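Since the model is a prediction, treat every value here as computed from it, not as a measurement.
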Amino acid sequence: SGKGDFDFIQVAADEVEKALEVGEHALLDQGDQLTVVSMVGVNGTGKTTTCAKLAHRLKGEGRPVGMAACDTFRAAAIDQLKVWSERLDVPLTTGEYGADPAAVAHDAVSSALSKESHYMLIDTAGRLHTKHNLMKELQKVHRVMGKRLEGAPHETLLVLDATTGMNALNQAREFNKAVPLTGLVITKLDGTSKAGMVVAIQNELKIPVKFIGVGEQPDDLQPFVAHEFARAIFGLDEE
């Protein structure tokens with residue numbers, strides 16, 4: 001009956017793949033116009049590191065990119081991005097500790113436009129999805145960017161930690177209510193046991209996964225491929 005079991009798993013993998021294929025998985029690229037990407041999420045998901053990894057990836061593809069440290073409440077977050085910016089040789093817009101994050105975001109978009117950058121990645125402050133005032137502040141950051149450049153942010157990526165399991169679904173729900181999400185980045189996905197939450201989020205909110213983070217190195221952020229992901233969940237080897 002081994003063959004029958006395999007067929008069942010194959011069917012399950014195909015169904016998951018179909019569910020995960022919904023939406024646009026590639027990062028938006030506006031060609032000769034600036035694309036602003038806002039990185040949002042709760043603290044501890046690896047959001048700042050993900051921002052740096054994404055900058056590294058885009059730069060490697062020959063697309064001029066800048067980053068902005070809009071997490072002005074944590075000196076550590078600003079310092080962390082400064083270190084990354086030097087290491088990756090990617091320009092960074094930053095404000096003083098305690099500065100208005102919306103003002104920093106505004107400056108960042110202006111700077112990217114003047115430098116004719118292809119991408120500007122905005123690292124927003126990590127915030128609990130249950131804190132209403134912080135969500136309001138995030139909306140303001142987005143509003144101010146939109147006034148500076150129509151349509152900005154063009155991508156809003158929610159960074160989720162795979163190890164939080166179904167709590168990630170609650171985070172996705174609340175962030176999506178505050179700022180419409182265009183994509184997810186799933187970090188700390190070194191096992192596939194937590195992959196069910198990716199399927200659950202996709203099922204309910206139809207927000208595509210754009211990248212997955214599988215380690216600590218700059219190259220460890222990989223584009224999401226539904227086929228590979230679905231097969232990995234069910235332990236099927238690639239043919």
Give a yes or no on whether a salt bridge exists between Glu21 and Lys18, defined as a side-chain N under 4.0 angstrom from a carboxylate O.
-> no

Distance in Å, Lys136 NZ paired with Arg143 CZ, rounded so as to fall on 0.5 Å steps | 8.0 Å

What one should report as the nearest heavy-atom pair of Thr49 and Trp84 is CG2-CZ2, 3.8 Å

Does Ile233 share a hydrophobic cluster with Phe211, counting links as ILVMFWY side-chain heavy atoms below 4.5 Å and allowing steps through other members?
-> no

Straight-line distance of Lys82 NZ to Glu86 CD, nearest 0.5 Å | 8.5 Å

Lys206 (side chain) donor-acceptor with Asn203 (main chain) under 3.5 angstrom | yes

If you group Ile, Leu, Val, Met, Phe, Trp and Tyr by side-chain heavy-atom gaps below 4.5 Å, do Tyr119 and Leu149 land in one group?
-> no

Measure from the side-chain N and O atoms of Arg231 to the backbone N and O of Ala13, and report whether any donor-acceptor pair falls under 3.5 Å.
-> no

Are the side chain of Thr50 and the backbone of Gly46 linked by a donor-acceptor contact shorter than 3.5 Å?
-> yes

Judged by atom type as modelled, is there a donor-acceptor pair below 3.5 Å linking the side chain of Glu61 to the main-chain atoms of Arg63?
-> no

Heavy-atom donor-acceptor pair, Thr94 side chain to Ala69 backbone, under 3.5 Å | no

Backbone N/O of Gly41 and side chain of Thr45: donor-acceptor pair under 3.5 Å | no

Salt bridge or not for Glu137 and Lys140, using N-O below 4.0 Å?
-> no

Before accepting this row, confirm whether a basic side-chain N of the pair Lys210/Glu155 lies closer than 4.0 Å to the acidic partner's carboxylate O.
-> yes

About how many Å separate NE2 of His118 and CD of Gln30, when rounded to the nearest 0.5 Å?
-> 8.5 Å

Hydrophobic cluster identity match, Leu92 and Leu88, side-chain contacts under 4.5 Å = yes

Ignoring hydrogens and angles, tell me if any N or O in the side chain of His154 forms a donor-acceptor pair with the backbone of Val36 under 3.5 Å.
-> yes

State plainly whether one hydrophobic cluster holds both Val185 and Val65, where clusters connect Ile, Leu, Val, Met, Phe, Trp and Tyr through side-chain heavy atoms under 4.5 angstrom apart.
-> yes

Indicate yes or no for a side-chain donor-acceptor contact from Thr156 to the backbone of Ser38 under 3.5 Å, with no hydrogens or angles considered.
-> no

